[in-house]
Amino acid sequence: MCKHYLYSILCISTSLCFKPFRCRSLPAQRKYMRSPPIPEMATQEVQLSETLAHLKTESDTLKGKLEEERAKLHDVELHQVAEKVEGLGQFVMKTRRTLKGHGNKVLCMDWCKDKRRIVSSSQDGKVIVWDAFTTNKEHAVTMPCTWVMACAYAPSGCAVACGGLDNKCSVYPLSLDKNENLAAKKKSVAMHTNYLSACSFTNSDMQVRLSRMGEDTCSSFVTALHHFFDLTELFKVFRHVLHDFMSLQGCDKKANVWDMRSGQCIQSFETHESDINSVRYYPSGDAFASGSDDATCRLYDLRADREVAIYSKESIIFGVSSVDFSLSGRLLFGGYNDYTINVWDVLKGTRVSILFGHENRVSTLRVSPDGTAFCTGSWDHTLRTWA
Amino acid sequence: MTINTLAKGGWHRDQMACFRKMEKVIVAMQDPDMGMKMRNQRLLITVIPHAMTGRDVINWLMQKYNMCEEEALHLGGMLVRYGYIYPLKEPRSLVLRADESPYRFQTPYFWTSTRWPATELDYAIYLAKKNIRKQGELMEYEKERYSVLHKRINHTWDFVVMQAREQLRASKQRRKADRIVLECQEQAYWLINRPPVSLTLSTFRIYFIAHFVCVCVCVCTFCLCLQIEFCRRALGRNRVKSSICLEGFVKYSEQYLSHDPIMQGCLPSNPWISDDTAHWTMNTEVVPIPSRLRVERWSFSFMELLNDAMGRREFMTYLEKEFSAENLCFWQACEDIRHGENSRIVEKVEEVYKNFLAPGAARWVNIDSKTMDKTLKGIQHPHRFVMDDAQMHIYFLMKKDSFPRYLKSDLYKNMLAKAIVPQEVKKSVFPFMRRQRHSSPSPAQAVAQASEEEGRA
């Protein structure tokens, strides 16, 4: 695969040396480009491809060894350990609140620490702060761009951060004066090259963690060059004593765990068959779950350094867009692209329930900070709170 | 939310996986032994085989995948929306009805995955055929599109009309039943791929083709090198046996089970269900008497105690009694540095040094010499994480020493005894009586008020 792309890059560069011409049919153009061959470039190409092949074999052997090492300590499966755990009974969850007001697809949402307020952003460029309990809208900000893909509530409850196609993250303090233009007071963090795909606050209002689309870099602390495809989501950091770890997933089917202080990739998992759309830490911080376009959710243990469970069913065909755990970590909620929410028993690996209600794909799902409910945002322009 | 890049061949990656899975279901449905039983469709005098009712489809799905009717209806609905099954009675209504409405399987030739993307030329030929066959048979939206296409691909219009005529001639030579079936299939295909109103079946796509190609090559070698380095490091990692890790999950879930409102409900009631905010009022950050569950939770781990403002306060009171409160103060000050503004890091580090680390400081903390040296060196060039080692040392000191003693202390035991266990309040029996949902003060308001009061004082 690499050779092919290398060749195409060379082709493009050589064409610049020649007179521009009108392309009438493709085969003729190719023939023109191929002759005359330039000797230096030809040998360079051969050398480069040899190094690449050599590196590839070395990388593959090492990967194989790593898998062997991981398998050595795998002495039992999760569902076997969970046999002694009581099964879950009938599960009844309903939509308790429906928040209507967005004019287009809801892309992202976040809870406030007060357990009842949420902020949501949508494709119409609006960021709305709701009191989800009363369904009142408390603040609304119109972003200069549409496609506001990321939003987050500050821990103090006094500000929200959001961003998207405007390539920057803006932090708006929430003013109570209805007449005040919130946009006037915003602070921006410029991103330069690409649009913002996710953001979240750390433990205080002062720091925001950001992730850019299409690049490997993430946030103001970490330069992670390992992912060179899209980083589509960033989620809460679990504080492991004093080091902040963070897990990212990307469109190269890998889920990586990074140390925010050193910028190193500590662990990497590649078992999904398709792009990963969402990752979330298990409440204890020793594991995380991921949801992917291959219609499965998987649980990865960080101490055992392997995938320990797959949550899938033959009848579930559409991909997962977002996942989150209940407070005790016993339940895993997944928002799917077929407009449903599936609830999984994390320990036993079975599906507990399927929830209907949304009329288009579920794009975001978050459990409230005290675990009393969870909220979903969807492409049908609404948000729903379930309990 | 998925933002897809175009994979090889122009297919959209997440779509292809879904199509394959749906096709598996369809193939299973058509299995001669275990598949669905087919019926005949009667159209005046013509009898066309290979039809099935909506009810058949649902029953088959329920039986095969062991699911409830609602889910079978949903899955079947998806199959119709994506064109694998099409309705015969009302072709424009792409819904699966759980009754005697007839449906038929779409031929693989017309599957979305085989013929993606539906080209303009094909659509033009289809509309031309319809037009030629019977003048005025085109619907309003089809007429509009026909004229738009006529303008846009005018240069190949002769080809379009010629193709349409050829196809119509060929179809006249088929049996009537076959002809009807083919017409239905084609119509269904175009209803999916050129719907009257643009129903978004497709995902949102942003094309990063150029990015994909250019970045790939340059980073390839670099990426492989990183990968190799990563594998080498990972091979030296310490791993824990699966049995121990998995037991950990079971234990964690058990421990927190009673704290999980979705699993076990919460007292007095879940506010979202009963519209009563008592649960939240009883569990705000600072309350005169905390709930029992909350106090119990402090004993689960040191982090739980520190994360709860009340817990921290109680712990501080305890440490003051033990004359070791400076540890917690130091820890809090370090947290402030780690998460505070960049502009104030230097001044905060100075403060911490003055109060906790300098020889003879008022609240000197007991750190081992190695860590102290490292920290003092680091203070010369202060940054966000300069206090990390010292903070970690003090954290473990508290965790191993003060925390267990706190849990055994009278202070904690009294708190636990005093803690309230709210009475469960069942949801109101009268369905029409809805509680008033009161709004609560916004956190922003609370902060604004506090600063106002400070200003006045």
Side-chain angles (χ1 to χ4, degrees), chain A residues 2 5-6 9 52 55 58-59 62-63 66 69 73-76 78 81 85 96 107 114-115 131 133-134 157-158 174 176 202-204 206-207 214 226 228 241-242 261 265 274 277 284 293-294 301 303-305 315 317-319 321 326-330 338 347 354 363 371-373 385 387, chain B residues 1-3 14 17-18 21-22 65 67 71 75 78 208 211 213 215-217 219-221 223-224 226-228 230-231 234-235 239-243 245-248 250 252-253 256-257 259-263 266 270 272-273 280 339-341 385 388 391-392 437 439 442-445 447-448:
Chain A
C2 302
Y5 288 114
L6 199 61
I9 294 288
L52 271 175
L55 283 176
E58 193 182 343
S59 166
L62 280 174
K63 270 197 205 167
L66 188 56
E69 279 298 312
L73 288 172
H74 188 61
D75 48 350
V76 73
L78 182 55
V81 173
V85 180
R96 301 291 172 175
L107 300 175
D114 77 346
K115 308 152 196 167
D131 178 348
F133 188 70
T134 56
C158 298
L174 295 175
L176 297 145
T202 59
N203 288 21
S204 83
M206 300 302 154
Q207 286 177 351
H226 204 63
F228 59 88
V241 195
L242 298 180
R261 239 191 85 176
C265 171
S274 194
N277 295 326
S284 71
D293 278 339
D294 65 0
D301 188 306
R303 294 180 300 172
D305 195 28
S315 56
I317 289 174
F318 287 80
S321 61
S326 73
L327 193 135
S328 64
R330 182 69 194 270
D338 67 352
L347 299 177
I354 177 168
S363 55
T372 46
T385 318
Chain B
M1 178 196 70
T2 319
I3 297 176
D14 76 330
C18 297
K21 293 193 182 119
M22 283 195 274
Y65 295 108
M67 49 167 74
E71 202 183 342
L75 180 57
M78 282 292 153
F208 279 110
H211 184 87
V213 168
V215 169
C216 183
V217 179
V219 190
C220 228
T221 12
C223 167
L224 281 172
L226 274 184
Q227 178 104 191
I228 290 168
F230 169 78
C231 283
L235 279 167
R239 285 178 192 83
V240 183
K241 266 206 295 200
S242 288
S243 44
C245 302
L246 300 176
E247 275 296 327
V250 175
Y252 188 92
S253 299
Y256 282 83
L257 186 62
H259 297 256
D260 188 343
I262 294 179
M263 293 283 297
C266 57
N270 189 325
W272 299 100
I273 301 176
W280 286 332
H339 298 289
E341 312 106 306
F385 301 110
D388 271 10
Q391 189 185 7
M392 182 134 63
R437 291 176 189 164
S439 55
S442 156
Q445 200 167 41
V447 171

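The chains referred to below are lettered A, B, ... by the order of the sequence lines, with proteins before strands, and numbering in each begins at 1.
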Proximity breakdown for [X] and chain A, heavy-atom pairs closer than 4.5 Å:
X        : result
B:Cys245 : both
B:Ile262 : both
B:Met263 : side chain

Out of curiosity, [X] [atom1] to [Y] [atom2], how far, rounded to the nearest 0.5 Å?
X        : Y        : atom1 : atom2 : value
A:Asp114 : B:Trp280 : CG    : CH2   : 8.0 Å
B:Ile228 : A:Lys63  : CD1   : NZ    : 10.0 Å
B:Tyr252 : B:Leu257 : OH    : CG    : 12.0 Å

Test item: A:Asp75 side-chain N/O and B:Ser243 main-chain N/O as donor-acceptor pair under 3.5 Å: yes

Side chain B:Asn270, main chain A:Thr372, donor-acceptor under 3.5 Å: yes

Residue B:Lys21 excluded, over 12 heavy atoms near NZ under 6.0 Å: yes

With a 4.5 angstrom heavy-atom cut-off, which part of [X] approaches chain B: side chain, backbone, both or neither?
X        : value
A:Ser315 : both
A:Leu347 : side chain
A:Asp131 : side chain
A:Leu66  : both

Best-contacting candidate, A:Gly319, A:Ser326, A:Ala304, against chain B by heavy atom pairs under 4.5 angstrom: A:Ala304

Option in A:Ile354, A:Asp294, A:Val85, A:Asp305 with maximal non-hydrogen atom pairs under 4.5 Å from chain B: A:Asp305

Taking every non-hydrogen atom, the tightest pair across A:Ala373 and A:Ala387: CB-CB, 4.1 Å

